[in-house]
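Have a look at the structure below before the remarks.
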Amino acid sequence: MAIKCIARLRSRRVVQDQLQTPNEVEAEGGCCWANLPQELLWEVLLMIEETESIWPQRKNVVACAGVCRSWRFIIQQIVKLPQLSGKLTFPISVKQPGPKDSLLQCFIKRNRSTQTYYLYLGLTNSLSDGGKFLLAARKCRRPTCTDYIISLQAEDFSKGTNTYAGRLRSNFLGTKFTVFDGQSPQAGAKMGKSRSSRLANLRQVSPSSNYPMAHISYELNLLGSRGPRRMQCNMNTIPATSIAPGGLDPTTQAELNPYQSTPTSFLSKSASMENSVSDQKNGGLVLINKAPRWHEQLQCWCLNFHGRVTIASVKNFQLAASPENEPAGPEHEKIILQFGKVGKDLFTMDYRYPISAFQAFAICLSSFETRIACE
């Protein structure tokens, strides 16, 4: 009953804010719920955060954050980052690193007729539940490349709105991809040179901006021999030291809360698709796919997905940190991202720190492309 009351108060508060000017609201001292004793309010909100651990119950935590400014401030202090709590609560969570101690289980649904892809957070171990919607992407074919527009909404793929999260762009052969973030990772970031980004810069509008944050490349198969794909992901915005023992990614160092617009991040000097090899030299994290082994009885290449993948496909992969230029350690054995087929248009996507759901989704989208030059 108390939770329902909070939700009604939040909606009523939103209506009042729309009808009143900021001066009128300030003169009234805000809503009556802002005057609750801080100690009591802290205990109530902490109890809600601890008890509502999964979706859809976590909607109550979001509702509490929208009641008034004092409630929002306390929620900022209570709700931990996904890498510490393993929970995705607010929209900005899809741009923050996943949990450190385990893989966050998600799944992707493909709609062939509309060329759209939907990312959901798994609510149970099985895929029978509807899941919690996180991101959507639509494929757009162009004469010289392919674009995947990634959005926070399932039906809105406009670049000029706040729902625009970023995009994935391929080269002509479909062997190299660049992941663009729709928001600047930090002040001074270099924006990708495109007509839409130049217009956005002139109008000072951020949703349609393009900031390169990762490069994905698939090894060319020049001899034509059949075999598993070989891929490499150069993460511009993640330092290689983040996976080291005791290493921290920039979002942890900045102690972000869910209401900050964008995380501070590590930027490499190169933002060009063709110069992605230089990312490792500049200290960026490099991910490579784990080599599968040949199974004589099954006559196929196999990887251990621990039951999360059930159908053999060339799209299936597991990514781990590359040990190049340094001794391999336990941190290089951990699976950071795994993707695989479980149905005709259903795929699992499990990711962990230091990459985010947005980055993982973009990498998985690149696997959907059919590339004759690599297979």
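Just so it is clear, the values below take in all heavy atoms, side chains as well, and ignore hydrogens, waters and symmetry mates.
- Counting only heavy atoms from C-beta outward, the side chains of Lys87 and Ser53 approach each other to under 4.5 Å.
- Qualifying side-chain contact (heavy atoms from CB on, under 4.5 Å) partners for Glu155, counting only residues two or more places apart in sequence or in other chains: Tyr118.
- Formation of a donor-acceptor pair under 3.5 Å by the Ser170 side chain with backbone atoms of Thr146 is found in this model.
- Under the 3.5 Å distance criterion, the side-chain polar atoms of Ser242 are left unmatched by any main-chain donor or acceptor of Ile238.
- Using a 4.5 Å heavy-atom threshold, the side chains of Arg167 and Ile150 count as separate.
- Following chains of ILVMFWY side-chain contacts shorter than 4.5 Å, one cannot reach Phe107 starting from Ile311, and the two form parts of different hydrophobic clusters.
- Applying the side-chain contact (heavy atoms from CB on, under 4.5 Å) test to Ile54 and every residue at least two apart in sequence or in another chain returns Gln57.
- For Phe347, the ring pair (Phe, Tyr, Trp, His ring centres under 6.0 Å) partners are Phe339, Phe368, not counting sequence neighbours.
- Under a hydrophobic-cluster definition in which Ile, Leu, Val, Met, Phe, Trp and Tyr are linked whenever side-chain heavy atoms come within less than 4.5 Å, directly or via other members, Leu46 and Leu41 are assigned to the same cluster.
- Among residues two or more places apart in sequence or in another chain, the side chain to side chain donor-acceptor pair (under 3.5 Å) test is passed with Arg58 by Glu49, Thr89.
- Side-chain atoms of Asn236 do not come within 3.5 Å of backbone N or O of Gly284 as any donor-acceptor pair.
- The side chain to side chain donor-acceptor pair (under 3.5 Å) search around Thr144 returns none, not counting sequence neighbours.
- Side-chain atoms of Ile216 and Leu168, non-hydrogen and from C-beta on, do get closer than 4.5 Å to each other.
- Remark: Arg352 does not engage Asp101 in a salt bridge, criterion side-chain N to carboxylate O under 4.0 Å.
- Within the model, atoms SG of Cys68 and CZ of Phe73 stand 12.5 Å from one another, a figure rounded to the nearest 0.5 Å.
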### Val94/Leu152 under side chain to side chain contact (heavy atoms under 4.5 Å, CB included): CA gap, chis, key distance, verdict
CA-CA 9 Å; Val94 299; Leu152 296 171; 4.1 Å; yes

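- Between Ile78 and Trp42, the closest side-chain pair of non-hydrogen atoms falls below 4.5 Å.
- Between the side chains of Ser366 and Tyr148, no donor-acceptor pair is found at a separation under 3.5 Å.
- By the side chain to side chain donor-acceptor pair (under 3.5 Å) test, Arg142 is found to be paired with Asp147, residues two or more places apart in sequence or in another chain being considered.
- Applying the side-chain contact (heavy atoms from CB on, under 4.5 Å) criterion to Gln153, with sequence neighbours excluded, gives Ser151, Asp156, Thr163.
- A salt bridge links Glu369 with Lys139: at least one charged nitrogen is closer than 4.0 Å to a carboxylate oxygen.
- The shortest distance between side-chain heavy atoms of Gln96 and Ser356 does not fall below 4.5 Å.
- Of the possible polar contacts, one joining the Thr161 side chain to the Ser158 backbone as a donor-acceptor pair under 3.5 Å is found.
- Residues meeting the side chain to side chain donor-acceptor pair (under 3.5 Å) test with Tyr351, sequence neighbours left out: none.
- In the hydrophobic cluster analysis, where Ile, Leu, Val, Met, Phe, Trp and Tyr join through side-chain heavy atoms closer than 4.5 angstrom, Leu88 is grouped apart from Leu103.
- Between Thr237 and Leu285 the shortest side-chain heavy-atom distance does not fall below 4.5 Å.
- Put simply, NZ on Lys334 and NZ on Lys100 are 8.5 Å apart, with the number rounded to the nearest 0.5 Å.
- Here the side chains of Pro354 and Ile336 are in contact, with some heavy-atom distance below 4.5 Å.
- For the pair Arg110 and Tyr117, the NZ or CZ position fails the cation-pi test of under 6.0 Å to the six-membered ring centre and within 45 degrees of the ring normal.
- Both tests hold for Lys109 against Tyr120: distance to the six-membered ring centre under 6.0 Å, angle to the ring axis within 45°.
- Residues forming a side-chain contact (heavy atoms from CB on, under 4.5 Å) with Gln318 (at least two apart in sequence, or on another chain): Lys290, Leu303, Phe305, Ile335, Gln338.
- Between Cys64 and Ile48 the shortest side-chain heavy-atom distance falls below 4.5 Å.
- No single ILVMFWY cluster, assembled from side-chain heavy atoms under 4.5 Å apart, contains both Met47 and Val67.
- Under the salt bridge (charged side-chain N to carboxylate O under 4.0 Å, His left out) criterion, Arg308 pairs with Asp350, not counting sequence neighbours.
- Residues in residues 112-123 take part in these salt bridge (charged side-chain N to carboxylate O under 4.0 Å, His left out) pairs, two or more places apart or across chains: Arg112-Asp345.
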